Amino acid sequence: MLLDKINKENDIRKIPRADYPALAAEIREFLIDRISECGGHLASNLGVVELTIALHSVLRFPNDKLVWDVGHQAYTHKILTGRKDEFGKLRAYGGLSGFPKRRESNCDAFDTGHSSTSISAGLGIVEGYALSGNNGTVVSVIGDGALTGGMAYEALNNASHIKRNFIIVLNDNEMSISKNVGGMSAYLSGLRAGEGYIGLKEEVKNSLSNIPVVGDKIIKQVKKTKNSIKQLFIPGMLFENMGITYLGPVDGHDINQMIRIFKEAKSIDHAVLVHVVTKKGKGYSFAEKYPSRFHGTEPFDKLTGKVLEPKTKPTYTEVFAKKLVKEAETKKNIVAISAAMASGTGLDYFQKFYPNRFFDVGIAEEHAVTFAAGLAASGYRPYVAIYSSFLQRAYDQILHDVCIQDLPVVFMLDRAGLVGGDGETHQGIFDLSYLTSIPNMSVMAPKNKSEFEKMIEYSTYASGPVAIRYPRGAAWDKLEEFDAPIEYGKAEIIHKEKDILIVAIGTMVSVAMQVKEKIKEAGGNVTVVNARFAKPFDEKLMMELADNHYLVVTMEENVLNGGFGEQVTRFLSNTGFDGEVVNAAIPNVYIEHGKIDEIRHEAGLDAENIFARIKPYI
């Protein structure tokens, strides 16, 4: 096995270049085997196996730096830097991260997880090397989907001015998670169609170099006029016109061709972009056919491609998709917006029914929000469906463009709370803090499936901006006997006694019911309230219940700072409550990857930990 020879960085040099294709095949087999067992990002990693091998063959780690955009495609990089034996605990609690992590290896140049950041980070490292006199090579890999993000263009604009080598690798697979959209996608399609350019350039160079005496002089002259020649072959010349040398497109599965072009790129004394065309899911037929399905996957049968534990209950994402379509039948002003996550947020279902009322703006969360504000100002009710951790990127647009104008934009925050294996960059644990701080914003979280549907229905006629946060995974179907309509700012009493008052929001209502049983077993009395609204929360009900309760316990799947519990504590303090308050929330730390139950326990948000904090008061 060739992989047995790779136990640390740069061990790839022990393998003859002629064996690189065989190495690529072994890596693909290894990835399919491991990810089928533990889950993870498959299609994106299969697509960059040869690209990563080629980069590792020309770079020297750890001094040379390789920055991956998003980072979910760095599995081969981890294998080639000596971490293959850790893949048995990929994305598991205490195990190998699914993304680059500087504390995991000095070969991981930068922690990533969100899109469109690699050029900015790489450029910072380049300038840092310049200041310190380090001659190391810096490479930033960015996908064509990530180039729809405005931050990438800000970085490209800045990179055009540097006076030392900086290599940007454009990994062009025509995909982000969903199919790419927009002008950049069309532009790159044109570049792919012009594949004759790089081959022609090499043929001309080789032919001229064979001319005695004057050959090299002619090559130098041709280089001076290459811009004019390129205009004939490359539509738009976007990168060259910015001052960034463009090389490509090159076959992203031809290792020798990539090695040759990367060596050429290293000789350039300014920013250079190497356009590499790859196929997402390469080498595994199911991932090639269904790249979105295998972007991030649960454990699966590698022979059939089927998930080992299929869902038996609808997910919150699916509930949202179906309910929005139903509401849109009679409410013609409903439109839906995705930031390159149509399948991930369920809006691909809406698109099937209302293609003219669906908009995918690419990986551009800031634009998505202000675009929605424009639609709302034109009389429509936009539903912006974005993962909680990704919506953080558009905080200014939410505050400035939506909420100041009190526009009826509905934010659907998928993957809110703890999300599990994707780890720190994807845990949706800050949204209650950053959204409840904004005037005019209403923030809700459902306890179960039926309440979620009612919140969506309420949002179709609510005044002003609304945010609904909901978790990843199956929709809870308990407590459906509590079926009161949604009223602005009103909570719901689920169980009423005295002494101990639990006020829980969203996913934590199910945990609150477990805590209630433990309190009853211990001989205590308890009231359980489903807050429904984090903003505005039900102050009137809180005052009424405070009179005969000596302990108030708040429960939320959000960080403590600025969260729901702190709002309740401040209110009780201001109203003269003389009892005790316990805030069960996520500590103000970043939460690592792992199974939800494991990281919830570690964060102190499981029933056992919360009851342990309450027990001294019983």
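Note that the coordinates shown come from a computational prediction; the quantities given were computed from them, not determined experimentally.
- Counting heavy atoms from C-beta on, the side chains of E366 and D396 never come closer than 4.5 Å.
- The CG atom of N448 lies 15.5 Å from the OH atom of Y470; values are rounded to the nearest 0.5 Å.
- Side-chain contact check for N558 and S433: at least one donor-acceptor pair (N or O, by modelled atom type) lies under 3.5 Å.
- By the neighbour-count criterion of 12 heavy atoms within 6.0 Å, atom OH of Y550 is densely surrounded, having more than that number from other residues, nucleotides or ligands.
- The two residues S115 and A146 come nearest to each other via the heavy atoms OG-CB, 3.2 Å.
- Annotation: K454, atom NZ; neighbour count of heavy atoms from other residues, nucleotides and ligands within 6.0 Å is above 12.
- Residues T345 and D414 bring no donor and acceptor atom of their side chains to less than 3.5 Å of each other.
- T554 is listed as a side-chain neighbour of N583, based on a closest heavy-atom distance under 4.5 Å.
- No side-chain donor-acceptor contact under 3.5 Å links E592 to the backbone of G423.
- Here F358 and Y354 keep their ring centres 6.0 angstrom or further from each other.
- The six-membered or imidazole ring of F300 lies away from that of F286, with a centre-to-centre distance of 6.0 Å or more.
- To the nearest 0.5 Å, atom CG of residue L42 and atom CD1 of residue I35 are 4.5 Å apart.
- The 12-atom threshold is exceeded at CD of E481, counting heavy atoms of other residues, nucleotides or ligands nearer than 6.0 Å.
- Using a cut-off of 4.0 Å between Lys/Arg side-chain N and Asp/Glu carboxylate O, K323 and E327 are scored as salt-bridged.
- Minimum heavy-atom separation, V511 to A607: CG1-N, 3.8 Å.
- Side chain of N525 to main chain of K498: no donor-acceptor pair is present (N/O by atom type, distance under 3.5 Å, no hydrogens or angles).
- With D499 contributing its side chain and L551 its backbone, the two residues share no donor-acceptor pair below 3.5 Å.
- Side-chain contact check for Y75 versus R34: every heavy-atom pair is 4.5 Å or farther apart.
- At a cut-off of 3.5 Å, with distance as the only test, a side-chain donor of S437 or Y395 sits close to an acceptor on the other residue.
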How far apart are the C-alpha atoms of I493 and L541, what are their side-chain angles, what is the distance that settles it, and do they pass the side-chain contact (heavy atoms from CB on, under 4.5 Å) test?
CA-CA 9 Å; I493 297 176; L541 179 63; 3.9 Å; yes

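- A salt bridge links K520 to E497: at least one charged side-chain nitrogen sits closer than 4.0 Å to a carboxylate oxygen.
- The closest donor-acceptor contact from the side chain of T527 to the backbone of K496 lies at 3.5 Å or more, if one exists at all.
- R103 has a carboxylate O that lies under 4.0 Å from a charged side-chain N of E424, or vice versa, which qualifies the two as a salt bridge.
- The minimum heavy-atom distance between I334 and R357, with the atom names listed, is O-NE, 3.0 Å.
- Using a 4.5 Å heavy-atom threshold, the side chains of Q427 and I599 count as touching.
- The distance from the CD1 atom of I429 to the CG atom of L605 is 10.0 Å, given to the nearest 0.5 Å.
- Side-chain N/O atoms of E451 and N530 include a donor and acceptor closer than 3.5 Å.
- For the atom pair E580 CD and T569 OG1, the distance stands at 11.0 Å (nearest 0.5 Å).
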For side-chain contact (heavy atoms from CB on, under 4.5 Å), just list the numbers for H295 and K280, CA-CA rounded to whole Å, side-chain angles, deciding distance to a tenth of an Å, and then say yes or no.
CA-CA 9 Å; H295 172 78; K280 197 168 185 179; 3.1 Å; yes

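- Residues satisfying the side-chain hydrogen bond (donor to acceptor under 3.5 Å, both in side chains) criterion with R83, sequence neighbours excluded, are T81, E104, D108.
- Across all their heavy atoms, L407 and A373 have their closest contact at CD1-O, 3.5 Å.
- Smallest separation of non-hydrogen atoms from V529 and A491: CG1-CB, 3.8 Å.
- Distance alone, capped at 3.5 Å, is enough to place a donor-acceptor pair between the H114 side chain and the T425 backbone.
- Residues F87 and L96 meet the side-chain proximity criterion, which asks for heavy atoms closer than 4.5 Å.
- Proximity of a side-chain donor or acceptor of R613 to a complementary backbone N or O of V553 within less than 3.5 Å is not detected.
- F99 pairs with exactly one of H593, H77, H41 by the ring-ring contact (aromatic ring centres under 6.0 Å, His included) rule, that one being H41.
- Side-chain atoms of N609 and H601, non-hydrogen and from C-beta on, do get closer than 4.5 Å to each other.
- Of the inter-residue distances, the one linking T436 atom OG1 with D431 atom CG reads 9.0 Å to the nearest 0.5 angstrom.
- You'll find the side chain of V307 reaches within 4.5 Å of the side chain of R293, heavy atoms only.
- Between E453 and K449, at least one side-chain nitrogen of the basic residue sits less than 4.0 Å from a carboxylate oxygen of the acidic one, meeting the salt-bridge criterion.
- Distance alone, capped at 3.5 Å, is enough to place a donor-acceptor pair between the N440 side chain and the C403 backbone.
- Between H549 atom NE2 and I500 atom CD1 the span is 9.0 Å, to the nearest 0.5 Å.
- Between F537 and F571, the distance separating the two ring centers is shorter than 6.0 angstrom.
- For Y380, the OH atom counts as loosely surrounded, since its 6.0 Å shell holds 12 or fewer non-hydrogen atoms of other residues, nucleotides or ligands.
- A donor-acceptor pair under 3.5 Å is absent between the side-chain atoms of E521 and the main chain of I519, judged by distance alone.
- Note on R469 versus E557: no salt bridge recorded, every NZ/NE/NH1/NH2 to OD/OE distance being 4.0 Å or above.
- Remark: side-chain polar atoms of S459 are paired, donor with acceptor, to backbone N or O of I456 under 3.5 angstrom.
- Taking the side chain as every heavy atom from C-beta outward, K331 and R381 never approach each other to under 4.5 Å.
- Considering every non-hydrogen atom in both G145 and T148, the closest pair reads O-OG1, 2.6 Å.
- At least one donor-acceptor pair closer than 3.5 Å links the side chain of E566 to the backbone N or O of G562.
- Residue pairs that meet the ring pair (Phe, Tyr, Trp, His ring centres under 6.0 Å) test with at least one member in residues 306-325, sequence neighbours left out, are Y316-F452.
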